[in-house]
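First the structure, in the form of structure tokens, and then the observations on it.
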Number of protein chains: 2
Amino acid sequence: MRQLEAFQTAGRNTVSSRDLGGALGLSDAQVRKDLGYFGQFGHPGVGYRVPELIDQLRRILGTDKKTNALLVGVGNLGRALLSYRGFAKRGFEVVAVFDNDAAKVGVEIPGVHPLRVQSLSEMPGTIQRHDIRVGILTVPAPAAQGVAEAMAAAGIRGILNFAPVTLRVGGAVHIATVDLAEHLEQLAFQSGGVASEPDLPLRE
Amino acid sequence: MRQLEAFQTAGRNTVSSRDLGGALGLSDAQVRKDLGYFGQFGHPGVGYRVPELIDQLRRILGTDKKTNALLVGVGNLGRALLSYRGFAKRGFEVVAVFDNDAAKVGVEIPGVHPLRVQSLSEMPGTIQRHDIRVGILTVPAPAAQGVAEAMAAAGIRGILNFAPVTLRVGGAVHIATVDLAEHLEQLAFQSGGVASEPDLPLRE
DNA sequence: CTATGTGAACAGCTTCACAGCG
DNA sequence: CGCTGTGAAGCTGTTCACATAG
């Protein structure tokens, strides 16, 4: 989608699977197969019509509608993400924030729409009122599992977890964990540190 | 590593591949295979000795030393990440920050070690002085490709990219892109929105 | 008897290659 | 003739299962 929008902005009206793949570091076949799982959008001999494909994908992915989200954990990272505009740009609005810390409950978070920090007990009602499906979890690692369970019980269907732990929640709740430090560790590992040293070889 | 440390804190002295896998949502065989790529650490009939395995892995992964990092792009997300303590907890210190915007260069970023925002032209020297290998990239999407190339030219070996674009840099520079909104989109897609609607079926 | 390390079997994903359509 | 859609082939990564060690 991002790449298609870039092509559209550049004034391209059609794009081939080869063009798309080239821009994304994928093979042409990969692009066609992936799109093939959702339907048939291409025009043989022509390629994909950019505005048409964008419309179809937006509808399929649900990115044609705004989505309400909540955030739990108004610590450093939580406040950080609240001031980040990238979510809004892609159609997400954080409409409620929560924290377990009594000292933080009631505090106003400034922003375009200022938000009052709520206690976890208010979550079920707030979720219903705003039809919230997904939540961002930015609590300290030791609290993450418990809070995730509370979110699941309150009706959240998807959790974007920033705590460096593996969450286990039952039911139909989807989890995506983003461990920012882990990515840095991987880069540091690959990038010259140790992998290339002669006394610490990977096998094969 | 995270899970091993958790086991250690819990006072466990040995752990089997089954225990480790169970806690991480992996099979026992997967755990053994993965560890097998780095060497033989286990003790048949016993499992893995927790402190021993932690030491070995820390040395192999390079997480036994502190690593200096830089950050480019002192916008919303950049400042956010600078105030996040998760990187420091895992041995990374951001020792320099850069921005292309002349209005931001020279500004002081508060923190444990306050940092003066530098211009991109100072990057090569700063990288040498502090032996910096990895960088965090938090500039707007349209600027990301150009800045990434500048970072590569200045000697950076790994880039943690938060701009929602596919970066292409030559040479031995590793790229890890984290698109925060994309993860939310995926969760929203899986979590009831559209995937379960009858008129938008996935094939198969 | 327990739990590793590892070839062998298997599964899933990627690439190939080509028929068919505009 | 160009480019899609898609079975078939190829490959990578996961799981199985067992010989081996404590």
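In what follows, chains carry the letters A, B, and so on, assigned in the order in which the sequence lines appear, proteins first and then strands, with residues in each chain numbered from 1.
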Does some side-chain heavy atom of A:Val15 sit less than 4.5 Å from a side-chain heavy atom of A:Gln3? no
So, using side-chain contact (heavy atoms from CB on, under 4.5 Å) as the criterion, who are the partners of B:Gln128 when residues are at least two apart? none
For nucleotides 13-21 of chain D, give me one character per nucleotide, 5' to 3': B if any protein heavy atom sits under 4.0 Å from the base, S if the only such contacts are to the sugar-phosphate, - if neither. -SBBB---B
Output all residues satisfying salt bridge (Lys or Arg N to Asp or Glu O under 4.0 Å) with B:Arg32, sequence neighbours left out; order by chain, then residue number. B:Asp28
Results of side-chain hydrogen bond (donor to acceptor under 3.5 Å, both in side chains) for B:Asn76 - residues two or more places apart only: A:Ser83
How long is the span from the CD1 atom in B:Ile109 to the CG atom in B:Asp99, to the nearest 0.5 Å? 9.0 Å
Could you state the atom-to-atom distance from CG of A:Leu35 to P of D:dG5 in whole Å? 8 Å
Return the value, rounded to whole Å, for the distance between atom CG of A:Leu53 and atom C1' of D:dT4. 13 Å
Taking ring-ring contact (aromatic ring centres under 6.0 Å, His included) as the test, write out the residues that go with B:Phe87, two or more places apart. B:Tyr84
Counting only N and O atoms by type, is there a donor-acceptor contact under 3.5 Å from the side chain of B:Arg58 to the main-chain atoms of B:Thr63? no
What residues from residues 8-19 of chain B pass a heavy-atom cutoff of under 4.0 Å to DNA chain C? B:Ser16, B:Ser17
For B:Leu20 and C:dG5, what is the distance between atoms CG and P respectively, to the nearest whole Å? 12 Å
